[in-house]
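Atoms considered below: every heavy atom in the structure, side chains included; atoms not considered: hydrogens, waters and symmetry mates.
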Amino acid sequence: MNILFVNYGDYTTNSLNHIAGFANALCAAGHACAVAVPSGAETISAIREPLFIPTTYAAALATPGLFPDGRSADLIHAWTPREGVRKFVLSYQRAIATPARVIIHLEDNERYLIEAYTGKPFAELRTASPHAIETWLVDGLPHPLRHETFLRVADGVTHIIDRLREFVPPGTPTQLLPPGVDFSL
């Protein structure tokens, strides 16, 4: 299976401690994995012995069949529903012949992140004008409306702690996915 992990930041983010472990374990089990980041391809040097294919969003969109078999991803594991990740996943899906299944990982209370960044309550952010949202939105944060739509159309959601399950739309399959641990470290 070809699995594309999509991260919101480069290879030095805390999330790559999790993603790299899962991607390496899946590669060792015979799957082909790639990890796409928005920029900072050179930061792959922060990952000890990656077995996966490192790529950037731009490179993956330019060559969607980046896996060893020349095909595109069968499964996309989007690491958080943040705006940059959402935009990339939608663009990648448009670029490939057969859409991939999409799993979204929750590791933070995304609503809290938006509130903390803007200083506004989530309810107010949900009713703000599109222009107002665009003035403060950055790709590293979730959009107050679009991230929920992204979760609704996902084939499934993983979450790092049980409490985050409350943000998963009803009827969406979920799986607790605690962080992987490399006992050799």
Side-chain angles (χ1 to χ4, degrees), residues 1-11 13-41 43-44 47 50-108 110 139-143 145-160 164-165 167-180:
M1 179 180 287
N2 292 341
I3 304 166
L4 176 61
F5 289 89
V6 181
N7 192 38
Y8 57 86
D10 67 24
Y11 296 103
T13 63
N14 287 336
S15 294
L16 251 298
N17 292 323
H18 307 223
I19 295 169
F22 292 128
N24 279 346
L26 288 164
C27 287
H31 299 284
C33 295
V35 178
V37 298
S39 61
T43 62
I44 188 62
I47 304 299
L51 301 177
F52 57 85
I53 301 161
T55 189
T56 62
Y57 290 3
L61 291 174
T63 310
L66 63 122
F67 293 92
D69 63 6
R71 293 184 313 108
S72 59
D74 300 306
L75 176 72
I76 299 170
H77 202 162
W79 220 258
T80 80
R82 295 184 190 165
E83 188 64 359
V85 171
R86 185 192 71 79
K87 287 178 185 175
F88 169 77
V89 169
L90 294 177
S91 295
Y92 186 82
Q93 291 281 50
R94 284 191 295 270
I96 60 179
T98 304
R101 296 261 189 194
V102 175
I103 305 295
I104 300 172
H105 184 66
L106 298 177
E107 65 182 17
D108 294 306
E110 300 294 330
D139 280 349
L141 288 173
H143 187 284
L145 300 173
R146 293 179 190 146
H147 88 278
E148 291 177 341
T149 302
F150 190 35
L151 286 166
R152 275 195 299 278
V153 300
D155 294 291
V157 174
T158 58
H159 47 94
I160 194 169
L164 291 175
R165 188 182 315 185
F167 298 107
V168 179
T172 303
T174 65
Q175 176 65 51
L176 179 66
L177 185 63

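When side chains are defined from C-beta on, Tyr57 counts as touching Val6, because their heavy atoms get closer than 4.5 Å. Between Phe150 and Val89, some side-chain heavy-atom pair lies under the 4.5 Å cut-off. At least one side-chain heavy atom of Val157 sits under 4.5 Å from a side-chain heavy atom of Leu106. Under the 4.5 Å side-chain criterion, counting only non-hydrogen atoms from C-beta, His18 is not in contact with Leu177. Residues Asp139 and Arg86 are not in side-chain contact: their nearest non-hydrogen atoms beyond the backbone lie 4.5 Å or more apart. With a 4.5 Å cut-off on side-chain heavy atoms, Ser15 and Asn17 do not count as touching. Residues Val168 and Pro173 have side chains not in contact (no heavy-atom distance under 4.5 Å, counting atoms from C-beta outward). At least one side-chain heavy atom of Tyr11 sits under 4.5 Å from a side-chain heavy atom of Val35.
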Working for side chain to side chain contact (heavy atoms under 4.5 Å, CB included), residues Leu61 and Phe88
CA-CA 8 Å; Leu61 291 174; Phe88 169 77; 3.7 Å; yes
I would like to know whether Arg146 and Thr149 meet side chain to side chain donor-acceptor pair (under 3.5 Å); could you show each step before the answer?
CA-CA 5 Å; Arg146 293 179 190 146; Thr149 302; over 6 Å; no
What's the verdict on side chain to side chain contact (heavy atoms under 4.5 Å, CB included) for Phe52 and Ile47, showing C-alpha distance, side-chain angles and the deciding distance?
CA-CA 10 Å; Phe52 57 85; Ile47 304 299; 4.1 Å; yes
Take Asn7 and Thr13 through the test side chain to side chain donor-acceptor pair (under 3.5 Å) and record every step on the way to the result.
CA-CA 9 Å; Asn7 192 38; Thr13 63; 2.8 Å; yes
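In this structure, Glu110 contributes its side chain and Arg82 its backbone to no donor-acceptor pair below 3.5 Å. Checked by atom type and distance alone, the side chain of Asn24 pairs as donor or acceptor with a backbone atom of Leu51 at under 3.5 Å. The closest donor-acceptor contact from the side chain of Asn2 to the backbone of Phe67 lies at 3.5 Å or more, if one exists at all. Although no hydrogens or angles enter the test, the distance criterion places no donor-acceptor pair under 3.5 Å between the side chain of His31 and the main chain of Cys27. Looking at Thr63, its side chain never comes within 3.5 Å of a backbone N or O of Leu66 through a donor-acceptor pair.
For the residue pair Thr158/His77, the side-chain donor-acceptor check at 3.5 Å is satisfied.
Summarising the geometry, atom CD1 belonging to Ile76 is positioned 5.5 Å from atom CG belonging to Leu4; distances are rounded to the nearest 0.5 Å. Atom CZ in Arg165 sits 4.0 Å away from atom OG1 in Thr174 (nearest 0.5 Å). Expressed to the nearest 0.5 Å, how far NE2 of His159 lies from CG of Asp108 amounts to 14.5 Å. Here the straight-line distance linking atom CG of Leu75 with atom CD1 of Ile3 works out to 5.5 Å at 0.5 Å rounding.
Salt bridge Asp74/Arg101: absent, no basic N to carboxylate O contact under 4.0 Å.
For the pair Gly156 and Thr172, the tightest heavy-atom approach, listed with the atom from each and the gap, is CA-CG2, 3.9 Å. Heavy atoms only, all atoms of each residue included: Thr56 and Pro38 are closest at CB-O, 4.5 Å. Across every non-hydrogen atom of Pro81 and His147, the tightest pair is O-CB, 3.4 Å. Looking at every heavy atom in both residues, Ala73 comes nearest to Ala100 through O-CB, 3.4 Å. The two residues Thr55 and Ala60 have their closest heavy-atom pair at OG1-N, 3.6 Å. The two residues Asp10 and Ser39 make their nearest non-hydrogen contact at CB-O, 3.3 Å.
Tested against His105 for a side-chain contact (heavy atoms from CB on, under 4.5 Å), the candidates Leu164, Ile160, Thr80 yield a single pass: Ile160.
Between Phe5 and Trp79, the ring planes lie tilted relative to each other; the angle falls in the 30° to 60° range.
The number of heavy atoms from other shown groups lying within 6.0 Å of CG (Asn14) does not exceed 12.
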